[in-house]
**Q** 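Sending over a structure as structure tokens; questions will come in a sec.
For reference, positions follow the sequence shown, starting with 1.
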Amino acid sequence: SAKPTLPTNFEVETWATLKSAITAIFLKRPDSCDLEKLYQAVNDLCLHKMGGSLYQRIEKECEEHISTALRSLVGQSPDLVVFLSLVEKCWQDLCDQMLMIRSIALYLDRTYVKQTPNVRSLWDMGLQLFRKHLSMAPEVEHKTVTGLLRMIEGERLGEAVDRTLLNHLLKMFTALGIYSESFEKPFLECTSEFYAAEGMKYMQQSDVPDYLKHVEMRLHEEHERCVLYLDALTRKPLIATAEKQLLERHIPAILDKGFVMLMDGRRLEDLQRMYSLFSRVNALESLRQAISSYIRRTGQVIVMDEEKDKDMVPSLLEFKASLDSIWEESFSKNEAFGNTIKDSFEHLINLRQNRPAELIAKFLDEKLRAGNKGTSEEELEGTLDKALVLFRFIQGKDVFEAFYKKDLAKRLLLGKSASIDAEKSMITKLKTECGSQFTNKLEGMFKDIELSKEINESFKQSSQARTKLPSGIEMSVHVLTTGYWPTYPPMGVRLPHELNVYQDIFKEFYLSKYSGRRLMWQNSLGHCVLKADFPKGKKELAVSLFQTVVLMLFNDAQKLSFQDIKDSTGIEDKELRRTLQSLACGKVRVLQKLPKGRDVEDNDSFIFNDGFTAPLYRIKVNAIQMKETVEENTSTTERVFQDRQYQVDAAIVRIMKTRKVLSHTLLITELFQQLKFPIKPADLKKRIESLIDREYLERDKNNPQIYNYLA
């Protein structure tokens, strides 16, 4: 039997059926032929190797309709939003039509297209045709892009826009593969111009906190835009453009205009916002420098104002606490910022050599003295820790030690410590900070006080005390080791016979127990409680030893002249005037001065005050405080400098002993590394000269810049 053959007009007739259906799809008209027959028709053509010509015919048909559709947009509505809606409609129609055609010609896509290289799928063919004819209608493309940019600008200015329309059209640009070139490029340029102008305007009109809030809000809005309708890949360049125009360009202006105000007002939230925004544009270094100069400028006012010296330490503590809370809460505990705060603090606290060290010691003395009512142990401990933070920044720690030791001595000898536990805790802290060498003298002072208690106990039990002591007197002695305590100038005084006897008996007892030692009485540190019999009632007077010696003269005389008292007591003139002033011119007037007056003159006389009354039984007669005299402070500072010279000499000898030969520059460098206090190179040179004079070193004969050690 003969093979079946295709009818001669098979291809033409089949295509006519398909063409009619495709035209109906594009014209949105119903078609009489059902989809199954159309699908079968495509199937038949492909099976008989007619896929290639079918593909070309479908492509030609689509191109005609797409070209017509896009041309129809030319010259359409001048209203950009209406025009964009038409473009969206045109695009949406194309998508629907191409999907319909693809579903009919699915077999073509799966066979011919797959098997033939360089042939696009029907969907991609439709996109390519749309792109081709869009580029041939530049007015349509340009108008669409302009409309999109206007809508986004309108939204930035607060207008409500159709975000769905934006989303659909931008998805069209992405699908056509022209998003980056046709839309993103002009969009980023417009964004840059928009925010450049807005940044300038807002910087002039707003204060810094409001400006930063505005920037934060704008960056959030741009991020939202990327989520809602822009392509995800636009996010990075878009945010970078906004950051550059709103932030990066204005970093110096933001810092100049508002940083000091935010720091002074401790505006933690605003500072935190500034930190997070600056970190986005790598501007933290500028912020760090601003912090450094702020600390130095503000701190300089606190440290250099001599009139407010008494408030310096509390002000510095408050300033440091404020900076720490800003660092923790606003600057995310950034390590570089933390180091900057430390370095700046160290710089400002050493602007005035030695004075801050002295004032920190005084501050601690004030806190550790008895009389700080209402301060709990925890609060005191906290204050000590805070003061220790300032202590760490001091370069001349030996100055601090000298003043701390002087004040500690007064507290221990006069029993003025608020808490021995707090005292010991402070010394432990200093030991942890600076090592045992720094605190061994301070610890020695405590040992002396404890040993003195034991010595007094065993003295009371001794045979000398029981048999020889004058009755009616109780005496307690502090035996101090010379090296541990501050040096006190010796002050002569003629003691009453009873006290002399007491001292001699104690001396005899002490030397029998500790042979080979020498006792030196420090009269200026003694204090007594005297029983006084006034006509208006008995009293007890807490007085210094000098006050005691003066008052006991009035047991045997009613009236004494200044000269009589001076001859009888042997107290140095200046000290005697202060003593008499405290007894006759202060709040508690146990004596009366004739004639009356504030100062003690050579011709004055003194009488026992018969009419003395006071509500309390025990009364403290305060000595007139030489305002911690300038001489006393100067002598403490001079002692520190003297000690420093010995330390420098010892360090030079130590280095030269090890090295034997060393150049001047290297010796100076090594000294700076070893010495724990600030010193000028000129002073080091003087010490080297002094050691050459004393023949510890010699200059090299060929090169005077090199030193040799003389063994």
**Q** Look only at the side chain of Thr658 and the backbone of Arg654, and say whether a donor-acceptor pair between them is shorter than 3.5 Å.
**A**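 Yes, the answer is positive, given that a donor and an acceptor are paired below the 3.5 Å cut-off.
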**Q** Taking 4.0 angstrom as the limit, do Asp407 and Arg411 come out as a salt bridge?
**A**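 No, no charged N to carboxylate O under 4.0 Å.
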**Q** Does Leu188 offer a backbone N or O that forms a donor-acceptor pair with the side chain of Ser192 under 3.5 Å?
**A**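 Pair absent, no side-chain N/O of Ser192 close to backbone of Leu188.
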**Q** I'd like to know if Lys429 pairs up with Glu381 as an ion pair, taking the criterion as any Lys NZ or Arg NE/NH1/NH2 lying under 4.0 Å from an Asp or Glu carboxylate oxygen.
**A**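 Yes, this pair counts.
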**Q** Taking C-beta and beyond as the side chain, do Asn350 and Pro356 meet within less than 4.5 Å on heavy atoms?
**A**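 No, side chains not in contact.
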**Q** Using distance alone, with no hydrogens and no angle criterion, decide if Gln245 and His250 have a side-chain donor and acceptor under 3.5 Å apart.
**A**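 Note: Gln245 and His250 side chains miss the donor-acceptor criterion.
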**Q** Under a plain distance cut-off of 3.5 Å, with no hydrogens placed, do Glu222 and Tyr195 share a side-chain donor-acceptor pair?
**A**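 A pair is found: one side chain offers a donor N or O, the other an acceptor, under 3.5 Å apart.
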**Q** Count the heavy atoms belonging to other residues, nucleotides or ligands that lie under 6.0 Å from NZ of Lys320, then report whether that count exceeds 12.
**A**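 Buried by this count: over 12 neighbours within 6.0 Å.
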**Q** Whether Asp270 and Arg273 form a salt bridge (side-chain N of Lys/Arg under 4.0 Å from carboxylate O of Asp/Glu) is what I want to check.
**A**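 Result for this pair is yes, salt bridge flagged.
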**Q** Does Ser322 reach the main-chain N or O of Glu318 with its side chain, forming a donor-acceptor pair under 3.5 Å?
**A**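 No.
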**Q** Do Lys397's NZ or CZ and the ring of Phe391 fall within the cation-pi criteria of under 6.0 Å and 45°?
**A**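 Yes, a cation-pi geometry holds between Lys397 and Phe391.
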**Q** Restricting to non-hydrogen atoms, name the atom on Arg352 and the atom on Asp309 that form the minimum distance, rounded to 0.1 Å.
**A**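 For Arg352 versus Asp309, the nearest heavy atoms are NH1-OD1, 2.9 Å.
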**Q** Got Leu348 and Ile302 here, is their nearest side-chain heavy-atom distance under 4.5 Å?
**A**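 No, every pair of side-chain atoms sits at 4.5 Å or beyond.
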**Q** Just by distance, do the side chain of Glu572 and the backbone of Glu575 share a donor-acceptor pair under 3.5 Å?
**A**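 A pair under 3.5 Å: yes.
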**Q** Strictly below 4.0 Å, N to O, side chains only: are Arg699 and Glu689 in salt-bridge contact?
**A**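 Yes.
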**Q** Looking at Lys201 and Glu198, does any basic side-chain N land under 4.0 Å from a carboxylate oxygen?
**A**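 No, no charged N to carboxylate O under 4.0 Å.
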**Q** Asp264 and Tyr294: side-chain donor and acceptor closer than 3.5 Å?
**A**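 Note: Asp264 and Tyr294 side chains meet the donor-acceptor criterion.
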**Q** Using only atom types and a distance under 3.5 Å, with no angle test, would you say the side chain of Trp327 pairs donor to acceptor with the backbone of Asn334?
**A**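 At least one qualifying donor-acceptor pair exists.
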**Q** Do the non-hydrogen side-chain atoms of Lys362 and Lys406 ever get within less than 4.5 Å of each other?
**A**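 Yes; the side chains approach each other to less than 4.5 Å.
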**Q** Would you mind reporting whether Ile360 and Ile349 have side-chain heavy atoms less than 4.5 Å apart?
**A**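 Yes; the side chains approach each other to less than 4.5 Å.
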**Q** Supply the atom-to-atom distance Ser663 OG to Asp700 CG, rounded to the nearest 0.5 angstrom.
**A**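 Here the interatomic distance stands at 11.0 Å.
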**Q** Can you tell me if Glu377 has over 12 outside heavy atoms packed within less than 6.0 Å of its CD?
**A**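 Result for CD/Glu377: open.
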**Q** Is it true that Lys453 and Glu450 make a salt bridge, defined as a side-chain N closer than 4.0 Å to a carboxylate O?
**A**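 Glu450 and Lys453: not salt-bridged.
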**Q** When you check the side-chain N and O atoms of Asn440 and Tyr484, is any donor under 3.5 Å from an acceptor?
**A**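 No, no side-chain donor-acceptor contact under 3.5 Å.
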**Q** If every non-hydrogen atom of Ser452 is compared with every non-hydrogen atom of Val479, which pair is closest and at what distance?
**A**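 Minimum heavy-atom separation between Ser452 and Val479: OG-N, 3.0 Å.
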**Q** So Phe400 and Tyr404, would you call those rings parallel, tilted or perpendicular, with 30° and 60° as cut-offs?
**A**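 Rings of Phe400 and Tyr404: parallel, under 30°.
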**Q** Taking only residues at least two apart or on different chains, which pairs with a member in residues 241-259 satisfy salt bridge (charged side-chain N to carboxylate O under 4.0 Å, His left out)?
**A**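 Only Glu243-Arg280 qualify under salt bridge (charged side-chain N to carboxylate O under 4.0 Å, His left out).
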**Q** Grab the two heavy atoms, one from Lys405 and one from Met445, that are nearest each other, plus how far apart they are.
**A**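 So the minimum-distance heavy-atom pair works out to O-CE, 3.5 Å.
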**Q** Keeping Ser293 on the side-chain end and Ala290 on the backbone end, is there a donor-acceptor pair under 3.5 Å?
**A**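 Yes.
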**Q** Taking atom CD of Glu328 as the centre, does the number of heavy atoms from other residues, nucleotides or ligands within less than 6.0 Å exceed 12?
**A**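 Enclosed.
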**Q** Considering non-hydrogen atoms only, spot the tightest contact between Leu384 and Ala422 and give its length.
**A**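 Nearest heavy atoms, Leu384 then Ala422: CD1-O, 4.0 Å.
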**Q** Please examine the side chains of Leu284 and Phe331, heavy atoms only from C-beta on, and report whether any two atoms are closer than 4.5 Å.
**A**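 They are not in contact (no side-chain heavy atoms under 4.5 Å apart), so the answer is no.
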**Q** Got a sec: does the CE of Met200 have more than 12 other heavy atoms crowding it under 6.0 Å?
**A**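 No.
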**Q** Any donor and acceptor pair, going by atom type alone, linking the side chain of Lys441 with main-chain N or O of Phe438 inside 3.5 Å?
**A**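 Side chain of Lys441 to backbone of Phe438, a donor-acceptor pair under 3.5 Å: no, none is there.
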**Q** Do Thr234 and Arg225 have side-chain N/O donor and acceptor atoms under 3.5 Å apart?
**A**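 Result is no, nothing qualifies.
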**Q** Heavy atoms only: give me the nearest Phe446-Lys424 pair and the separation to one decimal.
**A**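 Smallest interatomic distance, heavy atoms only, reads CD2-CE, 4.0 Å.
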**Q** Is it the case that Arg659 places NZ or CZ above or below the six-membered ring of Tyr709, under 6.0 angstrom from the centre and within 45 degrees of the axis?
**A**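 Ring-cation test returns no.
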**Q** So for atom NZ, which belongs to Lys587, do other residues, nucleotides or ligands contribute more than 12 heavy atoms lying within a distance under 6.0 Å?
**A**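 Open.
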**Q** Check whether any side-chain N or O of Ser419 sits under 3.5 Å from a backbone N or O of Asp421 as a donor-acceptor pair, and report yes or no.
**A**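 It does hold such a pair.
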**Q** Is there a donor-acceptor pair closer than 3.5 Å between any side-chain N or O of Ser690 and the backbone N or O of Lys686?
**A**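 Checking the backbone N and O of Lys686 against the side chain of Ser690, no donor-acceptor pair under 3.5 Å is found.
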**Q** Gln547 and Ser544: which non-hydrogen atoms are nearest, and at how many Å?
**A**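 Looks like OE1-N, 2.7 Å.
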**Q** Going by atom types only, do Ser325 and Arg266 share a side-chain donor-acceptor pair under 3.5 Å?
**A**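 A donor-acceptor contact under 3.5 Å links the two side chains.
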